[in-house]
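From a predicted model like this one, the values you see are computed outputs, not experimental measurements.
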Amino acid sequence: MNVKQRTIKEPVSVSGTGLHTGEFVTLTFNPAPEKHGYKFRRVDLPGQPIIEADCDNVTDTSRGTTLTQNGASVSTVEHVLAAMVGLEIDNVLIDISGPEMPIMDGSSIQFIDAIEAIGFTEQDADREYYHIPYNIHYTEPDRKVEMVAMPLDTDYRFTCMVDYNSQVLGSQHATISTIAEFKKEIASSRTFCFLHELEALLQHDLIKGGDLNNAIVVVDKEVDEEELAHLAKLFNRKDISVAPQGILNNIELRHQNEPARHKLLDMIGDLALVGVPLKGHIMAARPGHAANVAFAKKIKTLIKKERSRKHVKVYDPNMKPVYDTVQIMNILPHRPPMLLIDKILELSKTHVVGLKAVTMNEPFFIGHFPGAPVMPGVLQIEAMAQTGGILVLNTVPDPENWLTLFLKIENARFKDKVLPGDTLIFRCDLIAPIRRGIAQMKGIGMVGEKIVVEAELMAQIVKYK
């Protein structure tokens, strides 16, 4: 049975302070329609610009993940997005009254608690998962980052390892075997930093919203009482000491491996930027926001390639044609060697499909290139244009009395070589209705199911007899 998309029943808000900006903001989760995905709306800015949760919109990963679109930015989005994935919410519009998500307690659990309190609404559309088809690797050798997505059709599984070469925080592992375990095992794990990082951030005034209630501070160096007293003063605490686990005693660990679990939380949030729910097993060693986003982009690129292939119809070159070569010559004025279309396989008011059998005895192969024959790109475009010409001339009752003149060719791309023996099939689709004899078309050329050439064409028919 297909799983349905879902959103939330009604709006719900949480408020808090941004970790780095120190700004108090209100976050409101709103129901959203099917196929909406995750989007943020800056309600504090003119026009209330919307920012899509998309890895292509990431502009900074230095202290969390920042998205920018339509002249606006939102930062530290990973904990919110992890909550959405963990709750298996597909569609939500998130209003925010400032530039940074509230840090809350440094985890995702308070977002989850607020949303679970109001519940979910099942929608009519099916949830469209992307199933990882084979092992997808990402590495950063200088940082010793290794990530791999592996096929797993049944669920969304994560394994994360962190290793900081520290006596206090050495190697830790965290894992969930199903996304349903997120709330119990991962959601409450808080962000962490090393003491030396905390001091550097304080010196640069970069954690204006930090109060030691929302982060685990790992003490990775010798620290004296004077320094601890200074930190206590900065964070308005009576005193601060180092706990036996090697962390500041500001908070108690919720899990022995809480840092590793939080890294897994970040990874789930960042991979939400792929834009579709995933089925697969993600394994990562030493991940960080930059690596997570780069990995998300790699997966998204693969999805786009696969989807583009799915939209390409493979035609049978031996199917009965609408027009054969002789019939084409009754419509087009072209003659060999400039007649570059052998058959018309499909023809409607909005599209046309033509076929060109590429053979070694073509006259252009004599000079292009001897010893390594390749069909010239300009002739591929000409063949595409002749195919489109059939579509435009089909709008008049006496096509033999008209010429097709091409006014513009844009965005031409050549994606692979066309060689003798190939069967080149062109499809041209109208981009807009034909007006005053002018047609705008999108054309592609295929060898099998591979697109080898594409272009946008504008043509006009004129009477010449």
Side-chain angles (χ1 to χ4, degrees), residues 308 311-359 361-364 375-415 418 422-465:
S308 68
H311 286 101
V312 173
K313 178 179 176 181
V314 178
Y315 294 89
D316 178 6
N318 297 314
M319 65 189 291
K320 184 178 179 181
V322 178
Y323 297 140
D324 60 21
T325 307
V326 174
Q327 291 168 315
I328 290 172
M329 288 193 293
N330 289 332
I331 300 172
L332 294 179
H334 305 77
R335 294 296 181 267
M338 281 307 297
L339 179 63
L340 298 174
I341 294 297
D342 300 315
K343 298 178 185 178
I344 296 298
L345 301 180
E346 285 186 3
L347 181 61
S348 73
K349 291 183 178 180
T350 59
H351 89 286
V352 62
V353 178
L355 179 149
K356 164 66 178 173
V358 183
T359 63
N361 63 353
E362 306 278 5
F364 50 76
M375 183 176 182
V378 66
L379 294 184
Q380 295 177 44
I381 297 295
E382 172 62 26
M384 181 188 295
Q386 291 180 20
T387 303
I390 294 288
L391 174 61
V392 186
L393 290 168
N394 193 48
T395 62
V396 296
D398 54 341
E400 67 279 1
N401 296 324
W402 296 74
L403 289 175
T404 306
L405 303 178
F406 276 80
L407 307 177
K408 186 164 56 175
I409 299 172
E410 292 185 321
N411 299 320
R413 294 181 177 88
F414 303 95
K415 300 188 172 185
V418 177
D422 286 341
T423 299
L424 189 51
I425 294 179
F426 295 98
R427 177 175 174 129
C428 294
D429 290 87
L430 288 180
I431 298 173
I434 298 174
R435 292 188 177 90
R436 297 187 297 276
I438 296 178
Q440 299 180 66
M441 294 172 281
K442 167 72 176 181
I444 60 170
M446 299 167 284
V447 174
E449 60 181 27
K450 181 188 296 184
I451 295 177
V452 295
V453 60
E454 60 184 12
E456 294 173 11
L457 312 171
M458 179 183 289
Q460 181 178 26
I461 56 172
V462 295
K463 202 161 190 177
Y464 79 106
K465 286 185 181 180

Q) Would a 4.5 Å heavy-atom cut-off, applied to side chains only, mark Phe414 and Ile381 as touching? A) yes
Q: Could you pull out the closest heavy-atom pair between Phe426 and Gly445, with the gap in Å?
A: CD2-CA, 3.8 Å
Q) Less than 4.5 Å apart, any side-chain heavy atom of Phe406 and any of Met384? A) no
Q.
Do Met441 and Val392 make a side-chain contact, defined as non-hydrogen atoms from C-beta onward lying under 4.5 Å apart?
A. yes
(Q) What I want to find out is whether Lys442 reaches Glu454 closely enough, with some N-O distance under 4.0 Å, to be called a salt bridge. (A) yes
Q. Once you round to the nearest 0.5 Å, how far does NZ of Lys320 lie from CG of Leu345?
A. 13.0 Å
Q: Identify the two heavy atoms, one from Ile390 and one from Tyr323, that lie closest to each other, and give their separation to 0.1 Å.
A: CG2-CE1, 4.1 Å
Q) Which residues satisfy the salt bridge (charged side-chain N to carboxylate O under 4.0 Å, His left out) test with Glu362, sequence neighbours excluded? A) Lys356
Q. If you round to the nearest 0.5 Å, how far is CG of Asn330 from OG1 of Thr325?
A. 11.0 Å
Q) Looking only at heavy atoms, what is the nearest atom pair of Ala459 and Thr404, with distance? A) CB-CG2, 3.9 Å
Q: First locate atom CG of Leu332, then atom CD of Gln327, and finally report the distance between them rounded to the nearest 0.5 Å.
A: 12.0 Å
Q. Which pair of heavy atoms, one from Leu430 and one from Lys349, lies closest together, and at what distance?
A. CD1-O, 3.4 Å
Q) Is the closest side-chain heavy-atom distance between Asp398 and Lys463 below 4.5 Å? A) yes
(Q) Checking Ile434 against Ile461 for the side chain to side chain contact (heavy atoms under 4.5 Å, CB included) test, could you report, in this order, the C-alpha distance in whole Å, the side-chain angles of both residues, the deciding distance, and whether it holds? (A) CA-CA 11 Å; Ile434 298 174; Ile461 56 172; over 6 Å; no
Q) Under the 3.5 angstrom rule, does the side chain of Gln460 hit a backbone N or O of Leu407 as a donor-acceptor pair? A) no
Q. Hey, does the side chain of Asp324 reach the backbone of Val326 with a donor-acceptor pair shorter than 3.5 angstrom?
A. yes
**Q.** Interatomic spacing from CG in Leu340 to OG1 in Thr387 - rounded to 0.5 Å
**A.** 9.0 Å
Q: Hey, could you give me the CG/OH distance between Leu405 and Tyr464, rounded to the nearest 0.5 Å?
A: 11.5 Å
Q) What distance do Glu382 atom CD and Ile409 atom CD1 have between them, rounded to the nearest 0.5 Å? A) 8.0 Å
Q | CZ/Arg435: more than 12 non-hydrogen atoms of other groups inside 6.0 Å | A | no
**Q.** Check: Asp422 side chain, Val447 main-chain N or O, donor-acceptor pair, under 3.5 Å
**A.** no
Q | Minimum-distance pair of heavy atoms, taken over all atoms of Lys343 and Ile341 | A | O-CG2, 3.4 Å
Q. Quick one: does Leu355's side chain get under 4.5 Å of Tyr315's, heavy atoms only?
A. no
Q. Does the side chain of Leu339 come within less than 4.5 Å of Gln386's, by heavy atoms?
A. yes
**Q.** Worked verdict on Met329 versus Arg335 for side chain to side chain contact (heavy atoms under 4.5 Å, CB included)
**A.** CA-CA 7 Å; Met329 288 193 293; Arg335 294 296 181 267; 3.5 Å; yes
Q: Check whether any side-chain heavy atom of Val353 sits under 4.5 Å from a side-chain heavy atom of Lys313, and report yes or no.
A: no
Q) Closest heavy-atom contact between Cys428 and Leu391? A) O-CD2, 4.1 Å
Q: Report yes if some heavy atom in the side chain of His351 is under 4.5 Å from a heavy atom in the side chain of Arg427; otherwise report no.
A: yes
